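Below is one structure, written out as structure tokens; the observations come after it.
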2 protein chains.
Amino acid sequence: MAGDTKHQWFWEALESFLGHHQLKQTKQRQVVIRHFLKLDRHVDADDLYGSIRKAGYNIGLATIYRTLNLLKEAGLVEQRLFADGRASYELLIPNLHHDHLICTTCGKIVEFENKEIERLQAQVAAEQRFTLSSHRLELYGLCARCNRTL
Amino acid sequence: MAGDTKHQWFWEALESFLGHHQLKQTKQRQVVIRHFLKLDRHVDADDLYGSIRKAGYNIGLATIYRTLNLLKEAGLVEQRLFADGRASYELLIPNLHHDHLICTTCGKIVEFENKEIERLQAQVAAEQRFTLSSHRLELYGLCARCNRTL
DNA sequence: TTCAATGCAAACACTTTGCAGTCGG
DNA sequence: CCGACTGCAAAGTGTTTGCATTGAA
């Protein structure tokens with residue numbers, strides 16, 4: 001119902017999660033999530049709040065945080081912590097993991113995926129007898145543009 | 001003077017940094033840093049505060065934060081952010097980079113280094129025309145012990 | 001003698017929580 | 001109707017900052 005076709009899998013997963021946990025579908029949740037999906041990448045609570053407010057809704061910041069935490073619980077979203085103390089959230093697409101290349105000057109983020117690196121990670125974990133559940137890889141440096149400008 | 005031989009390079013680097021920035025060596029800084037070096041790994045402000053206080057010193061939390069930030073500025077220490085909002089600090093040993101394998105249950109941290117992964121990272125960065133300055137790789141999962149207990 | 005450093009407390013920014021009212025199933 | 005959800009404001013959290021004072025160079 002609230003789902004566009006592009007994110008149908010997401011709404012289905014959410015519905016399933018809500019169902020299995022006797023949680024409820026609400027107007028506000030739908031608005032928050034719709035805006036989250038629209039903003040698409042690396043969204044923080046304030047971005048969402050602004051976007052939602054600009055669209056004419058009056059939804060409390062608390063509800064936004066609660067919704068983001070819900071999505072995190074549901075495993076649909078990943079929380080990412082930044083040095084300035086803010087947390088940003090990213091849509092977690094199943095089986096479509098990627099890592100980040102981050103420009104330390106302009107903040108540009110390039111996503112990438114490298115099967116070979118992942119394979120080696122699994123190998124390292126196995127050597128230490130860890131059962132891997134997830135990982136985070138971030139490469140920091142200057143993007144081509146900033147490298148030129150500086 | 002305040003430097004044990006093991007961390008001599010550290011005290012020298014610090015002295016050099018202070019000198020080049022007209023900053024001062026103080027009693028408190030030395031105490032904080034000495035305790036930081038003693039605790040050795042993945043220390044947070046409160047750990048330090050406790051350790052210092054237990055040793056009979058009365059040094060403000062603010063000073064501890066200021067000192068840790070100083071070390072970060074000096075590039076001698078790396079700040080790491082945790083999901084619960086705390087920041088922990090780790091001694092940054094030059095040319096001795098390592099990544100982390102973190103147990104999501106007991107919090108155990110195993111350090112590792114993998115040249116092959118680093119090589120692939122450099123390759124990825126080059127493909128995107130990034131000039132790499134650093135990276136962070138964290139693998140999350142269950143350690144052997146927790147895997148057994150659960 | 002100067003100006004960085006300190007301790008304290010107040011200020012901060014982001015996030016969570018308590019509560020009374022609301023609304024979905 | 002039950003109990004999860006909401007908005008609001010108040011409370012929390014770890015960290016930073018303003019200020020008068022201290023102390024290193």
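Remember, predicted model here, so these are calculated numbers, not experimental data. A note on names: the letters A, B, ... follow the listed sequences, proteins ahead of strands, and every chain is numbered from 1.
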Exercise. Got a donor-acceptor pair under 3.5 Å from the side chain of B:Lys24 to the base of C:dC3?
Worked result: yes

Look for any protein N or O under 3.5 Å of an N or O in nucleotides 17-22 of chain D and output each such pair with its distance, or none.
{"from": "D:dG18", "atom 1": "O6", "to": "B:Arg66", "atom 2": "NH1", "distance (Å)": "3.4"}

Exercise. Can you find a pair of side-chain heavy atoms, one from A:Phe36 and one from A:Ile52, that are under 4.5 Å apart?
Worked result: no

For this session: Output yes when at least one side-chain N/O atom of A:Gln22 is less than 4.0 Å from OP1 or OP2 of D:dA4, else no.
Result: no

For this session: Please assess B:Arg119 against B:Glu116 for the test salt bridge (charged side-chain N to carboxylate O under 4.0 Å, His left out), listing each intermediate value before the final yes or no.
Result: CA-CA 5 Å; B:Arg119 197 181 61 71; B:Glu116 185 61 11; 2.8 Å; yes

Exercise. DNA chain D: B:Ala87 or A:Ile59, which has the more 5' nearest nucleotide?
Worked result: A:Ile59

For this session: Indicate, with a heavy-atom threshold strictly under 4.0 Å, whether B:Asn69 touches base, sugar-phosphate, or nothing.
Result: sugar-phosphate

Exercise. Got a donor-acceptor contact below 3.5 angstrom from the A:Thr67 side chain to the A:Thr63 backbone?
Worked result: yes

Exercise. Over how many whole Å does the gap from B:Asn58 atom CG to C:dC8 atom P extend?
Worked result: 5 Å

For this session: Let me know the distance between CG of B:Leu23 and P of C:dA4, rounded to the nearest Å.
Result: 8 Å

Exercise. Quick one: B:Tyr49 OH to D:dT13 P, roughly how many Å, whole number?
Worked result: 16 Å

For this session: Measure the spacing between CD of A:Glu113 and CG of A:Asp99 and express it to the nearest 0.5 Å.
Result: 8.0 Å

Exercise. A:Gln25 has an atom CD; how far is it from atom P of D:dG3, in whole Å?
Worked result: 21 Å

Exercise. Do you reckon B:Ile102 sits in the same ILVMFWY cluster as B:Ile117, going by side-chain contacts under 4.5 Å, direct or chained?
Worked result: no

Seminar exercise, completed: By nearest-nucleotide position on DNA chain C, the 5'-leaning member of A:Asp46 and B:Thr26 is B:Thr26

Exercise. When the distance from CG of B:Leu68 to P of C:dT6 is rounded to whole Å, what number comes out?
Worked result: 12 Å

For this session: Scan side-chain atoms only and decide if A:His42 and A:Asp47 contain a donor-acceptor pair under the 3.5 Å cut-off.
Result: no

Exercise. Name the stems with DNA chain C in them: runs of three or more consecutive Watson-Crick or G-U pairs, distances under 3.5 Å?
Worked result: C:1-14 with D:12-25, C:16-25 with D:1-10

Problem set entry | Under 3.5 Å donor-acceptor, B:Arg29 side chain and B:Lys24 backbone | yes

Exercise. So, the side chain of A:Ser133 versus the backbone of B:Tyr140: is there a donor-acceptor pair under 3.5 Å, distance only?
Worked result: yes

Exercise. With a cutoff of under 4.5 Å between side-chain heavy atoms, which Ile, Leu, Val, Met, Phe, Trp and Tyr residues group with A:Leu81?
Worked result: B:Leu81

Problem set entry | Interatomic distance where CG belongs to B:Leu81 and P belongs to D:dT13 [whole Å] | 19 Å

Exercise. Distance check: side-chain N/O of B:Arg29 vs OP1/OP2 of C:dT6, anything under 4.0 Å?
Worked result: yes

Problem set entry | Value in whole Å for how far the P atom of C:dG7 lies from CG of B:Leu61 | 10 Å

Seminar exercise, completed: In whole angstroms, the gap separating C1' of C:dA4 from CZ of B:Phe17 amounts to 14 Å

